[in-house]
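Accompanying notes for the structure given below.
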Amino acid sequence: MQAGEAMTGAGTAEPVLAIQDLSVSYFSGDREVRAVQHVDLELRPREVVGLAGESGSGKSTLALGACRLLRPPAVITGGSVVYKGRRVVEGGLDLLTLTPRQLRALRWREIALVFQSAMNALNPVLRIRDQLIDVLDAHLDLSRDEKRERAAGLLDLVGIPRARLRSYPHELSGGMRQRVMIAMALAVDPEVVIMDEPTTGLDVVVQREILQHIVELRERLGFAVLFITHDLSLLLDISHRISVMYAGHLVEVGQVAEIQRRPAHPYTVGLLNSFPSVRGPRRQVTGIPGSPPDLGSLEPGCPFIPRCGFAAPECRGVDMHLLSVPGSPPSHVTACPFVLPGAAQPKLLEPAGEPGSRT
Amino acid sequence: MNDLASASTSALELTSAAAFRGPLVLEARGLSKDFRLAHGLRRDLLSAARDVSFGLYRSATVALVGESGSGKSTLARLLAGQERPTSGQILLDGRAVQPSVRRQFRAYKRDVQMVFQDPFASLNPVHRVRYHLERPWRIHHSRQSGASVKAGLEQLMTRAQLAPPELYLDKFPHELSGGERQRVAIARALAAGPRVLLADEPVSMLDVSIRLEVMGLLDDLRSRLQLAVLYITHDIASARYFSDEILVMYAGQIVERGPAEDLTLTPAHPYTQLLVASAPDPQSPMGIARGAAPLSTLAGSSLPAVGCRFSHRCPYADQQCRTQTPALLPISSSRAASCWHLDVAAPELLAAGLRGRVPP
């Protein structure tokens, strides 16, 4: 089933990136670990789509799979990834069938990636300018002056003083390094930027600044963003649509407002109840008891059963297909056929402040 | 008024919101720590903590909130006895701690234990869980029989919700999930039988769904073992839920302190206001994508050498802020903030709390 056919917001344009029925497994010996199972995900031009899931849910594997950057023992076992952008229109390109040469032309030029932990992604012995110029060299044919000018312009874009061109990565703060990574991803004007936990580990003020930058740049340059994080509360702030992933499956897809106000999958509800609110009224936060399952030995049925407060015997028969949520627009789909949206809203606590009234 | 000495004395007039739970256990009095930096031939002093005073109380949690580089980990290291303060005192049960008196200092280190941020880095990958717990247990419980050590470890692990213990004792850190690893780190800290627990970002490396469990565990231990807890974090939302008092730190100084709920709902200092406004909140998303206004100028530009350290990022800053350091002054019986312009930044609060004690 296609996620979110009746799109609003970013329009009903054809998707620039369409991941269809993608499955990825890791093989070790005769053991198969299914990290991504039958995932559909669409990204329309200029749209921000959030992909939420905790570590081990397969969200990074999905991102790497979509760029065909996986290495053995990871194997794409099925599906397609079609890219159709400004520069590639005719029929689109299926990334999974491209030759290495075609892939090289597509990566970064059309689809760029921002990785988690910028310290590891930047080369510690090269100055920032040289790393930016490396990217330009690989994809564009520019003169020396043009390259220098463009590298400086890229730092302007993400709000870093030009003097930092001469810096080494260790001389920059975590937030600045992450901004350099974003500048690098935008270096050759890609149509799709996939960001994998780009702000994890930064403090909230810096995080908010970087998110603002991403949103502003998206409006100005017109790229689409697939934003991957375990922090659902961030996605509520910056995305148009959100896909929630658990144990290799998408469990819920919807517009931001639907996910926020009428979450239909117990996992989504659990995630929403995992964040203490800072500005809102004090309410009970519950978290999600237990830990994610071992993907190598999944029981039949819904993988969330051991942690789900609503689990019933019928859940063993759930096939994890996305079904439309009753009473929601068709763009809102969930893999849970039993729990109605809004069934598990968190309770408000009494006005607190007195010692001893803590949850 | 801009004399720093007055800051610590005036802060003493405050009643900490944590003091309602139990007696004072550990006190920091005017703690400062300078680091020497060498830039080629130039020598600079980095002041990581400046005249910091606060108390930790039995069965209470005090949260220390600030961005990275604000000096909150330095403060934890000072309290844990891993660094010596440049000036100021640490008092345990009212007695000044003297690192030179080895016997006393050893007892101090047993009483004050620490839990670190990254359970991957703080557990030795080549040792099993058993080793991580048995070693501190034996150090702090000398001459115990094998059976009582075993019983001790089992009790520790049950307390840290690592049950049943046999399931975990012979595992290596890499065989555990992040939450389990952090619980081992907590059990290790408890092995010494501490009265004070310093938790430095204990959940920021964990998945959101796991964080609450670990925070809940810490809260449970606080009340059952009557621990005085210092919870260091950059997440003011969790500080609101899991602490009695919040201290907000910026550039080595405490810029605001007060009862957790009050302070988060009505922040007084412009920096606290920025922190609260920046925190993602599923109950009231900011909607950056939907055109919410930008909040501040860029963080990370260099700190002003004189005056208020927040003045370069503050929307209310004027000439006075750039030249004179504001002191941490009370705005009510339990709250204090260091800002020249509370009348502009938090007028209602000032009107309600001060009643005649308005700073010039």
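Per chain, numbering begins at 1; letters A, B, ... match sequence-line order. Computed over heavy atoms, backbone and side chain alike; hydrogens, waters and symmetry mates excluded. Quick caveat, the model's predicted, so the values are computed rather than measured.
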Set of residues satisfying side-chain contact (heavy atoms from CB on, under 4.5 Å) with respect to B:Leu225, sequence neighbours excluded:
B:Arg159, B:Leu190, B:Leu221, B:Leu227
With a 4.5 Å cut-off on side-chain heavy atoms, are A:Pro276 and B:Met215 touching?
no
In the structure I gave you, are the side-chain heavy atoms of B:Glu213 and A:Pro289 within less than 4.5 Å of one another anywhere?
yes
Please classify the contact of B:Leu265 with chain A as side chain, backbone, both or neither, using a heavy-atom distance under 4.5 Å.
side chain
Counterpart residues, side-chain contact (heavy atoms from CB on, under 4.5 Å), relative to B:Ser70 (two or more places apart)
B:Glu67, B:Lys72, B:Met249
Answer with side chain, backbone, both or neither: which region of B:Arg211 has an atom nearer than 4.5 Å to a non-hydrogen atom of chain A?
side chain
Tell me, do A:Val204 and B:Asp235 make a side-chain contact under 4.5 Å, heavy atoms counted?
no
Criterion side chain to side chain contact (heavy atoms under 4.5 Å, CB included) against B:Pro280, the qualifying member of A:Val278, A:Ile238, A:Asp237, A:Leu236:
A:Asp237
Residue part contacting chain B, namely of A:Leu271, when any heavy atom lies under 4.5 Å
side chain
Measuring only between side-chain heavy atoms, which start at C-beta, is B:Val276 closer than 4.5 Å to A:Arg279?
yes
If you measure from OG on A:Ser277 to CG on B:Asp281, what distance do you get to the nearest 0.5 Å?
3.5 Å
Which bit of B:Ser204 comes within less than 4.5 Å of chain A, counting heavy atoms only: side chain, backbone, both or neither?
neither
Do A:Arg282 and B:Tyr241 have side-chain heavy atoms sitting under 4.5 Å apart?
yes
Does any non-hydrogen side-chain atom of B:Ser209 lie less than 4.5 Å from one of A:His230?
no
